[in-house]
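To keep things clear, I will list the structure first and then write my remarks on it.
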There are 2 protein chains.
Amino acid sequence: MAFKTDSAKKYLKEHDIKPSTIRIKVLQYLKDNKHHPTVDDIYKELIEDIPTLSKTSIYNTLELFLGKNIVNLVSIDDKESRYDIDTSAHGHFKCKSCNKIYDFNINTSNLGEEDIKGFIINKRKIYYEGICKDCLKSS
Amino acid sequence: MAFKTDSAKKYLKEHDIKPSTIRIKVLQYLKDNKHHPTVDDIYKELIEDIPTLSKTSIYNTLELFLGKNIVNLVSIDDKESRYDIDTSAHGHFKCKSCNKIYDFNINTSNLGEEDIKGFIINKRKIYYEGICKDCLKSS
DNA sequence: AATATAAATTGTAACCATTACAAAATTGGA
DNA sequence: TCCAATTTTGTAATGGTTACAATTTATATT
């Protein structure tokens, strides 16, 4: 557990979220596991700590976090939602062979958004799919 | 019906798809309604023509089209999948106010993909969300 | 044409991530 | 401590999607 409880509390308060036990643990999990976990990933881990944990609580917490903009929804998977505590601008690449999701930096400044000039852009979601280097090597 | 049956047949054959009635009609619908329809949108329209139509057939057909790369899946909506017959490179903007989805041209050449150099990129999906110009005007 | 074989379509049921909601538990302030 | 508000839980429902077997339709062969 690299992300300390105190840091988590502070972080939540700073983002206008009352730091309950579950919220703290979910935040810590997200900070320590930046591999775009699913609800089930989080649930499976936290149930070890909180035996009474309900999956609904994970959904509630993530919904709250989304509303406060401290996590982003990653919909690169068609089956289940993934969550990303890293809200800085970056894209996601999913390897169709190993299913791993890679982050990559993007430069949207010269993407060319003339067609939607005058629109308010709140979120940019960039999903790529293909075959990653590792899988290419081993084939 | 702007996209003619003969054109549809030809188009399907060219893409290695046997032109059945349903496939032709689905293709025509997609060519004539480029507003990223859902399965239900397509079903509701085509059931008028084909009274025995099953929703499963729409799923089957779209799955086939996806496999042949003549449509793209648009996952900008969290509830249901949308489909796009326009497979050229472009992004999708969803207005959170009116829910309309806009196409916009992109220039990925200078997006900066250094982090995934050496990867094979098969698909680029670019989803934006915010408020469109029309909604901004009327508020 | 008739038959046989393959392909396409249908209908129903199951799947499963997510949501709704009311009950129970917990928290924090007076 | 007590009370009210908030948080958490558990269960049931929702709904898009998929599995699959049965039916229908198309294609090829004689």
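What you see is a predicted model, and the numbers here were worked out from it, not measured in a lab. Only heavy atoms go into these numbers, but all of them, side chains included; no hydrogens, no water, no symmetry mates. Chain identifiers are assigned alphabetically (A, B, ...) following the order of the sequence lines, protein sequences preceding nucleic acid strands; residue numbering begins at 1 within each chain.
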Roughly, in whole Å, what's the span from [atom1] in [X] to [atom2] in [N]?
X	N	atom1	atom2	result
A:F65	D:dT7	CZ	P	12 Å
A:K25	D:dT8	NZ	P	13 Å
A:R23	D:dT9	CZ	P	12 Å
A:D78	D:dG15	CG	P	21 Å
A:D49	D:dT8	CG	P	14 Å
A:L53	D:dT9	CG	C1'	9 Å
B:Y43	D:dT17	OH	C1'	15 Å
B:D77	D:dG15	CG	P	15 Å

Side-chain ion pair, B:K25 and B:D49, N-O less than 4.0 Å: yes
Report which part of the nucleic acid B:T38 touches: base, sugar-phosphate, or nothing (heavy-atom distance under 4.0 Å, all strands). nothing
Which nucleotide wins on minimum distance to the side chain of [X], given the candidates [options]?
X	options	result
B:T56	D:dA19, C:dT18, D:dT6	D:dA19
A:S20	C:dA17, C:dT10, D:dT8	D:dT8
A:T52	D:dT9, C:dT18, D:dT7	D:dT9
A:N60	D:dT9, D:dT18, C:dT19	D:dT9

So, is B:S54 close to the C:dT9 phosphate, meaning a side-chain N or O under 4.0 Å from OP1 or OP2? no
Side-chain N or O of B:Y59 versus OP1/OP2 of D:dT17: is the shortest distance under 4.0 Å? yes
Comparing B:R82 with B:K18, nearest DNA chain D nucleotide closer to 5' gives the residue B:R82
Considering heavy-atom distances to DNA chain D, does B:T21 or A:T21 have its closest nucleotide positioned more toward the 5' end? A:T21
Over 12 foreign heavy atoms within 6.0 Å of NZ, B:K31: yes
Would you call the rings of A:H90 and A:H92 parallel, tilted or perpendicular if under 30° counts as parallel and over 60° as perpendicular? perpendicular
Quiz item: cation-pi between B:K125 and A:Y127, 6.0 Å / 45°: no
On DNA chain C, check which nucleotide each of B:P51 and B:K79 is closest to and give me the residue with the more 5' one. B:P51
Test A:D6 against A:K10 for salt bridge (charged side-chain N to carboxylate O under 4.0 Å, His left out), laying out the working first. CA-CA 6 Å; A:D6 284 349; A:K10 183 158 168 274; over 6 Å; no
